[in-house]
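Every chain is numbered from 1, with letters handed out A, B, ... down the list of sequences. Computation of the quantities below employed the complete heavy-atom set of this structure, encompassing side-chain atoms and omitting hydrogens, waters and symmetry-equivalent molecules. Predicted model only: the values in this text are computed from it and were never measured.
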2 protein chains.
Amino acid sequence: MQPTDTKTQILDVAQDLIQRLGVNGMSYQDISAVVGIRKASIHTHFPRKEDLVTALLVRYRERFLRIVDGILASGDEPEVKLRRYCGLYEATLSSGNRNKVCLYAMLGAELNVLNSPLVVQIQQFYRDNEDRLVHLLTEGKQRGDFRFPGDVDTMATLVFGSLEGEMLIARAHGGAERFHQVVEQLLRLIKGHL
Amino acid sequence: MQPTDTKTQILDVAQDLIQRLGVNGMSYQDISAVVGIRKASIHTHFPRKEDLVTALLVRYRERFLRIVDGILASGDEPEVKLRRYCGLYEATLSSGNRNKVCLYAMLGAELNVLNSPLVVQIQQFYRDNEDRLVHLLTEGKQRGDFRFPGDVDTMATLVFGSLEGEMLIARAHGGAERFHQVVEQLLRLIKGHL
DNA sequence: GTCTATAGCGCGATAGAC
DNA sequence: GTCTATCGCGCTATAGAC
């Protein structure tokens, strides 16, 4: 494991801070204290704060969708794929007992204090995920594994919003265990068995 | 309609600001600009910002649960009661095209930057709502109106988290119409009909 | 690329006159 | 109860030395 360059360290620390405290709760001072450089030096890598956040969103999106597409391309059964997809969210919430949520869930909550280029990135991430869920739910329904009422698009919307939104609520009340129960309940509803 | 006193005006404006921008996005300066007094004067009514937020949470909780308990005590069928409950969330999201979410959803997202007395109030609100949902879902299940898999407690958790969480996501992508679709989908899942 | 130093701003909060 | 004035703080961001 080779040493990480400063720019990557800044991104890593900033992401952790935003996932816990939000964009407005993250400051260059906070980052510098962890990385071990002066806050002015951060401006060398990311002149404005929005540059840093934009870079974070791009990196997060690419990593996340790469994993999701790997799940979709696997030979697993639809239920297993869906379980693995939900597992990505569970892993974030459980990571390090530090009350982290999905980067895009936190920014969604702060939507009205963000500049519009960031808003567009957020909307794109939501759309990309719902598209993947539509694909996954359609496959499961065609195979007969999934048996839920209503149309696939609406169900995908519900699943994605519930996963992202539940993270924010579970953090305050119930934590990772509550979130896991909700995921299992979602799966039961999707499978449509009493 | 008699004129509203200053203290109530401050509460009203502060609540609107928090529901749109969050606690850290709301400032005494913002409030004073709308109410029409100087920001120093607000400290007469609420010495510290936390005093203002605490008063807001108490007022919101009492109003909200009073309405919910009215719904539960009505003679409506369980499905109608649930529809009316979800309608409270829809009404907030649709109010004034100003992208408002439930006060407690916003504070849940900001959990890690709030003092612990506020955190306790948030947890209590979540618990109170989930208790009411357990009661409502149990009634519907016993009457045979509701036919969902899994236990009632878990389903109540899912419904509450989905409603609160979806608000935050729907604001960025899909808006009030998306939220309405999700509510209808939730109702289909609870009724358990294909 | 990192440092020190500082500018400029908005914030929560307080003092004291009216 | 509201006002003017001000303090002290943390923040984003920039200038210039090394």
Check your understanding: Which letter, B, S or -, goes with each nucleotide of nucleotides 4-18 of chain D from 5' to 3', with contact meaning a protein heavy atom under 4.0 Å?
Key -> BB-----SBBB----

Point to revise | Side chains of Asn129(A) and Tyr104(A), donor plus acceptor under 3.5 Å | key: no

Point to revise | Separation of dG1(C) P from Ile10(A) CD1 (nearest whole Å) | key: 10 Å

Point to revise | OP1 or OP2 of dT2(C) under 4.0 Å from side-chain N/O of Thr6(A) | key: yes

**Study point:** Exam field: side chain Ser162(A) to backbone Val159(A), donor-acceptor pair closer than 3.5 Å
**Key:** no

Point to revise | Flag, side chain of Glu79(B) to backbone of Asp145(B), donor-acceptor distance under 3.5 Å | key: no

Ignoring hydrogens and angles, write down the donor-acceptor pairs under 3.5 Å from the side chains of residues 114-123 of chain A, residues two or more places apart or on other chains.
from: Asn115(A); atom 1: ND2; to: Glu50(A); atom 2: OE1; distance (Å): 2.6
from: Gln123(A); atom 1: NE2; to: Ala172(B); atom 2: O; distance (Å): 3.0

Check your understanding: Which one of Arg83(A), Lys191(A), Arg178(A) satisfies the salt bridge (Lys or Arg N to Asp or Glu O under 4.0 Å) criterion with Glu184(A)?
Key -> Arg83(A)

